[in-house]
Amino acid sequence: MNAAEKTMLASRAAAAVAITPTSLAKELDDARNKITRGLARLAELSEDDLAIATAPREEVWREDMVRLYRCTPVVDKPHAVPVLITYALVGRFQMIDLEADRSLVRKLLAQGFDVYFVDWGTPGRAQRWLTIDDYVSGYLDRCVDFIRARSRTNKINMLGICQGGVFTACYAALFPQKVRNLAFTVTPIDFHGDKRDPQTGSGYMNQWARALSSEDIDALVDVYGSAPGSLVGFAFLMMNPLSNVTKYTIDLVDVLDDDTKLLNFLRMERWIADRPDHPGEVMRQWFKDLYQDNKLIKDELVLGGRKVSLRAITMPVLNIYATGDTIIPVSCSKDVQQYFGTDDYTEVAVPGGHIGTFVGGKAQKILAPTLAEWFKARSG
């Protein structure tokens with residue numbers, strides 16, 4: 001036991017000794033009053049108070065359940081090369097614009113960028129048969145072509161996030177002639193990186209997926225069709241079950257009398273609760289080809305009969321990873337330059353976790369400024 005741990009234990013022991021019936025009664029009474037005030041405040045909140053993703057935008061293209069939005073520019077003459085943001089299928093796009101003061105979209109707009117993003121929508125029963133290729137060479141390619149035509153440019157900038165980063169990397173490998181610069185954040189490239197460099201408390205999804213047999217995966221997809229959003233959400237909650245229980249008791253009570261923190265908490269929970277179903281064939285290929293066989297870095301991933309080779313990505317690449325990411329282990333995102341064909345590769349670390357990359361105070365000071373500076377330097 002080190003000195004810091006001894007000091008902490010001594011402090012806790014002293015606090016425990018100081019507890020008296022009178023002090024305990026007062027603490028309980030204070031907590032009761034705090035909860036009473038908090039419940040009254042919760043009853044006053046409206047839909048407008050809890051709104052997320054409020055940056056003005058216009059729907060410019062749609063196909064099936066997929067929507068392409070253009071965010072309203074805040075400068076008279078945006079940069080000539082647009083930026084397309086692609087989020088994951090397992091969550092909703094609102095994370096990139098959660099709150100006005102914690103919005104990647106708003107920060108990029110303020111830097112003069114012409115920002116588009118894909119909303120994958122809510123897949124229904126008919127979408128259970130969609131493959132990764134349907135998303136990459138289908139919906140995503142048609143979004144890119146629409147933006148290219150509208151902006152009258154041959155190539156656009158692309159930013160992929162998490163699973164959307166893998167889609168974007170695959171797209172840039174298959175359609176390099178349409179991509180000016182490629183950036184991705186909290187994106188797994190080496191799906192077995194955690195095997196070589198395991199990190200305590202992270203990589204549970206990787207381990208669970210690799211523990212399944214091929215027959216298990218087939219049975220899961222064949223029975224469910226599309227994985228229910230609630231099932232996907234439960235898998236994420238089980239990465240840290242204790243924390244996900246106490247946040248609705250201890251954490252929530254702690255912020256009940258702080259309006260800013262309370263609204264931050266509730267807006268985040270609103271985003272977390274909105275889990276779309278995940279198309280079954282995408283999940284089958286994601287689990288087998290990526291989690292289990294790690295085909296992306298081996299140039300063995302095949303989409304629509306075409307082999308995905310990261311060596312075909314010769315445009316500039318920016319890779320941003322989170323140092324405390326427990327969903328995508330750092331070792332799956334970091335030090336992957338050797339798999340790409342580009343001579344212009346940049347890696348940047350941001351403090352915090354997977355979601356904290358977009359809403360954490362420290363990470364926000366790095367993420368948007370880094371993206372803006374990097375895109376500007378390569379889009380002239």
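Everything numeric here is computed off the predicted structure, so don't read it as measured data.
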Result block: side-chain N/O donor-acceptor pairs under 3.5 angstrom for residues 372-380, not counting sequence neighbours:
from : atom 1 : to   : atom 2 : distance (Å)
K376 : NZ     : Q111 : OE1    : 2.6
R378 : NE     : D344 : OD2    : 2.9
R378 : NH1    : W374 : O      : 3.3
R378 : NH2    : D344 : OD1    : 3.3
S379 : OG     : N157 : ND2    : 3.0
S379 : OG     : N181 : ND2    : 3.3
S379 : OG     : F375 : O      : 2.6

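- Contact check for D277 versus T122: no side-chain heavy atoms found under the 4.5 Å cut-off.
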- Worked check of side chain to side chain donor-acceptor pair (under 3.5 Å) between D194 and S331: CA-CA 6 Å; D194 62 306; S331 50; 5.6 Å; no
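- Side-chain contact between T86 and Y171 is absent, with no heavy atoms from C-beta onward closer than 4.5 Å.
- With M268 as the partner, the side-chain contact (heavy atoms from CB on, under 4.5 Å) test is satisfied by one option alone out of L263, L98, I52: L98.
- Two residues are said to be in side-chain contact when any heavy atoms from C-beta on lie closer than 4.5 Å; L104 and L159 meet this criterion.
- For the side-chain contact (heavy atoms from CB on, under 4.5 Å) with I313, the qualifying choice from L174, V179, L182 is L182, the only one to do so.
- Judged by distance alone, with hydrogens and angles left aside, the side-chain atoms of H192 form a donor-acceptor pair with the main-chain N or O of Q292 at under 3.5 Å.
- The side-chain heavy atoms of L68 and L84, taken from C-beta on, include a pair separated by under 4.5 Å.
- N33 and T36 form no side-chain donor-acceptor contact under 3.5 Å, judged by distance and modelled atom types alone.
- Salt-bridge annotation for D145 and K178: present, with a side-chain N of the basic residue lying under 4.0 Å from a carboxylate O of the acidic one.
- Taking a cutoff of 4.0 Å between a charged side-chain nitrogen and a carboxylate oxygen, K288 and D293 do not qualify as a salt bridge.
- Judged purely by distance below 3.5 Å, without hydrogens or angles, the side chains of S137 and D133 pair a donor atom with an acceptor atom.
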- request: Start with the C-alpha distance between D29 and R32, add both sets of side-chain angles, then the distance that settles salt bridge (Lys or Arg N to Asp or Glu O under 4.0 Å), and finish with yes or no.
  value: CA-CA 5 Å; D29 191 53; R32 178 174 59 82; 2.4 Å; yes
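- For the pair R148 (side chain) and N154 (backbone), a donor-acceptor distance under 3.5 Å is present.
- Side-chain contact between E347 and Y321: present, with at least one pair of heavy atoms (C-beta onward) separated by less than 4.5 Å.
- The side chain to side chain contact (heavy atoms under 4.5 Å, CB included) check on D343 picks up nothing, with sequence neighbours excluded.
- Remark: D222 engages R284 in a salt bridge, criterion side-chain N to carboxylate O under 4.0 Å.
- At least one side-chain heavy atom of Y69 sits under 4.5 Å from a side-chain heavy atom of D119.
- Side chains of M315 and Q177 form no contact here, defined as non-hydrogen atoms less than 4.5 Å apart.
- Here the side chains of V136 and V308 are not in contact, with every heavy-atom distance at 4.5 Å or above.
- The aromatic rings of Y291 and F287 stand perpendicular to each other, their planes meeting at an angle above 60°, with 30° marking the opposite boundary.
- Of the charged side-chain nitrogens involved, none lies within less than 4.0 Å of a carboxylate oxygen, so that K307 and D299 do not count as a salt-bridged pair.
- No side-chain donor-acceptor contact under 3.5 Å links S103 to the backbone of A100.
- Cation-pi check for R125 over W129 is not met; the charged atom does not lie both under 6.0 angstrom from the ring centroid and within 45 degrees of its normal.
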